[in-house]
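These notes are about the structure you will find just below.
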2 protein chains.
Amino acid sequence: MATIRDVAKLADVSVSTVSLALSNPARVSQKTLEKIRKAIAAVGFVADPLAQSLARGRSRMIGFVVGNVGNPFFGDIRRELENYALDHEHFVVVTDSSGKTDRERAMVEHLIGLKTAGLALAPSGYDQDYIEFIAGLNVPIVCFDQKVAGIERDFVGSDNYLAGAMLTEHLLQLGHRRIAFITGPSHMHTATERYRGFAETMINAGVDVNPNFIVDGQFTRTAGYEAAMRLLIQHERPTAILGANNTVALSALQAMQELGFRCPEDISLAMIDNVQWSSVITPRITMVVQDTLALGSIIARRLMHRIRSPQGAVEPPEDFVLAPKFVPGNSCRRV
Amino acid sequence: MATIRDVAKLADVSVSTVSLALSNPARVSQKTLEKIRKAIAAVGFVADPLAQSLARGRSRMIGFVVGNVGNPFFGDIRRELENYALDHEHFVVVTDSSGKTDRERAMVEHLIGLKTAGLALAPSGYDQDYIEFIAGLNVPIVCFDQKVAGIERDFVGSDNYLAGAMLTEHLLQLGHRRIAFITGPSHMHTATERYRGFAETMINAGVDVNPNFIVDGQFTRTAGYEAAMRLLIQHERPTAILGANNTVALSALQAMQELGFRCPEDISLAMIDNVQWSSVITPRITMVVQDTLALGSIIARRLMHRIRSPQGAVEPPEDFVLAPKFVPGNSCRRV
DNA sequence: CGGCTCTATCGAACCGGTTCGATTTGATCA
DNA sequence: TGATCAAATCGAACCGGTTCGATAGAGCCG
């Protein structure tokens, strides 16, 4: 590999002039610029990003940290960020923590070690230790999905209260009263907000929330399946199930199918968040979806703004909260 | 951040001794080792990975390059690789080319620039230019999924001919004769092999392959949908459709549902490769799946072997081809 | 023509490690 | 006690860039 010194030698100028020509061409004379240009072409010089990062103390990489890159929600956001970053000569490094806080932390530390220019982070931690860890990072960070109380960073996400409330209201309008809710982990902001949207809408409508109808699905497949089973074996069964995310709702659908319940004839089902191939899942699940493209776009712009503009770096953190969208399916029937 | 020089000063030894102590403790005396250990703890020293990579000419990162991280096939492999790499103090950097060859190339180049220790690559290119590009990379590489003729690297994948043949035989046994096949891109090894498995099995069974029943689905959703529609509007319709991958098959299911065809009553459907939530898709699609865990495990071990052991680096490339597995669903009926 | 200001270029230090040949230390043996 | 040799440690060069103060030269003015 050709180095900058090869170029300098061939162009008969100093190494620092070549470096200057590359980073700030206006400050180098036309004649010299031309010599350097030719030399670069002749030896096929490409600057070593590692050496640049070391010297500059900053790389052109953006870290993307989520719990599950396979989730289409994160996938869409990743794509948006990647496209935008690529347009601005930055490169996205994707890491997947599998939802484990300690692994996420190790990955963030690694990315910091790589002197990434910025981080797009869907936080999975929530305790004081974690908050301090994030606070201590001296890098532009845009958090998304999970709003963690105490983290003073830009946040981009959806109105989860509204999401829960919308589906609840929909079911109420269809005449349902015995509505069950499969929750997510109580430490997750999305989970609690969605539940709050459900519970408050119920109360406001004067409908009692049956504690037996609130089961914990942990946002995971196994827990969601188990939670759904607990609902289905009750004698006084719910007439509708609301899944706090796609995973628990589809686990519930599976449980229903396995036990022989028909959806929506026997039990209605609704969920928050889309899933790949939802269009071929029978019945099509009624859902509230997040505007992933808009979220991704905001994350990308906000992060690049902080990275690129000097004053962008010191702007106070801001929250961007988007409204979710109702997507009717045929998994909810009138009772 | 504390540097190695801070450690050296505090421990009252030279910088090179500290470096040696870190990389090869056996060659440093107990006494000195202890001093250094204390100094490291005192100043909170952590080696800068960037500086290490620059000096060593090699980092502890592994590049994972695929066309679609959202595909559970790649997701499973990624997870296996990640777990194994983490156990061996390596860190996986995921990149997604969205199936675009030029972007994949840019990403590989970037990863090379990062001096990654090795690459797990699901190639998307196939022309001479691409082959030379890959050949020119002086880094351990394990290719998977697509076997590209001309690339002299380790390859890990499934027996795609067998996969196509298995499903074809299954449909033949159920009495189907008018079997349609939705293909993938003709430059993809997986696509041609699966088709070959289909076609030869048909011919061996003495069944003519109707050219109208071979449509190109490009392994994509839009092309698959269109291809399926072309099948469904024919007067002499197929009694069964075989999708060369999950995407085209599910696109076909969607097309069937939209036009009002019932599966499997009107048309049977089978596919190669699993998809998330296949268990709640009605009907459950009969499929042949790849052993993603085993594939991922082999990829991980092979790559780490080449990275770590000196002789591993020079071993001749090897192919690892696993047999796929038949997973019955209820999307194929006897005719 | 001397003095002054700009502009263009350069040299050296630096980022934070690794590596390897050279040197010191200490033990062993004649 | 001095020679020999292995083990321990060190110094300097290096990886490939960036940065900034210093310097040389060009252009302008009085």
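By convention in this document, chain letters (A, B, ...) are assigned in the order of the sequence lines, proteins followed by strands, and residues within each chain are numbered from 1.
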Taking NZ, NE, NH1 and NH2 as the nitrogens, is one of them in A:K35 or A:D12 under 4.0 Å from a carboxylate oxygen of the other? no
Would you call the rings of A:H187 and A:Y126 parallel, tilted or perpendicular if under 30° counts as parallel and over 60° as perpendicular? parallel
Figure out the CG/C1' separation between B:L114 and D:dG16, and round it to whole Å. 15 Å
Return the value, rounded to whole Å, for the distance between atom CD1 of A:I4 and atom C1' of D:dC15. 14 Å
Side chains of A:Q146 and A:T190: is there a donor and an acceptor less than 3.5 Å apart? yes
Between P on C:dC15 and CZ on B:R5, what's the gap in Å once rounded to a whole number? 8 Å
Mind jotting down which residue pairs meet the ring-ring contact (aromatic ring centres under 6.0 Å, His included) criterion with at least one end in residues 11-61 of chain B? Sequence neighbours excluded, please. none
Distance check needed: D:dG17 C1' versus A:I40 CD1, whole Å only. 13 Å
Residues in residues 48-63 of chain A with a heavy atom under 4.0 Å of DNA chain C, by number, are A:L54, A:A55
May I ask you to decide whether B:R37 forms a salt bridge with B:E34, counting only side-chain N to carboxylate O separations under 4.0 Å? yes
Any side-chain donor near an acceptor of the partner, B:E104 and B:S124, under 3.5 Å: yes
Sort and list the pairs that fulfil salt bridge (charged side-chain N to carboxylate O under 4.0 Å, His left out) and have at least one residue in residues 44-63 of chain A, not counting sequence neighbours. A:D48-B:K115
Examine the side chains of B:R105 and B:T101 and answer whether a donor and an acceptor come within less than 3.5 Å of each other. no
Protein-nucleotides 21-23 of chain C N/O pairs closer than 3.5 Å?
none

In terms of the angle between their ring planes, are A:F144 and A:F64 parallel, tilted or perpendicular, with boundaries placed at 30° and 60°? parallel
Considering only heavy atoms from C-beta outward, does the side chain of B:F155 approach that of B:D319 to under 4.5 Å? yes
Indicate yes or no: does B:R302 engage B:E315 in a salt bridge with an N to O separation below 4.0 Å. yes
Do you see a donor-acceptor pair shorter than 3.5 Å between the side chains of A:S19 and A:S16? no
A:N83 and B:R103 side chains, donor-acceptor separation under 3.5 Å: yes
Strand-adjacent residues in residues 9-25 of chain B, judged by heavy atoms under 4.0 Å from DNA chain D: B:V13, B:S14, B:S16, B:T17, B:L20
Rounding to the nearest 10°, end axes of the helix from C:dC1-D:dG30 to C:dA30-D:dT1 built from five pairs each make an angle of 60°
When the distance from CG of B:D6 to C1' of C:dG16 is rounded to whole Å, what number comes out? 10 Å
B:Q30 CD - D:dT9 C1' separation (whole Å): 16 Å
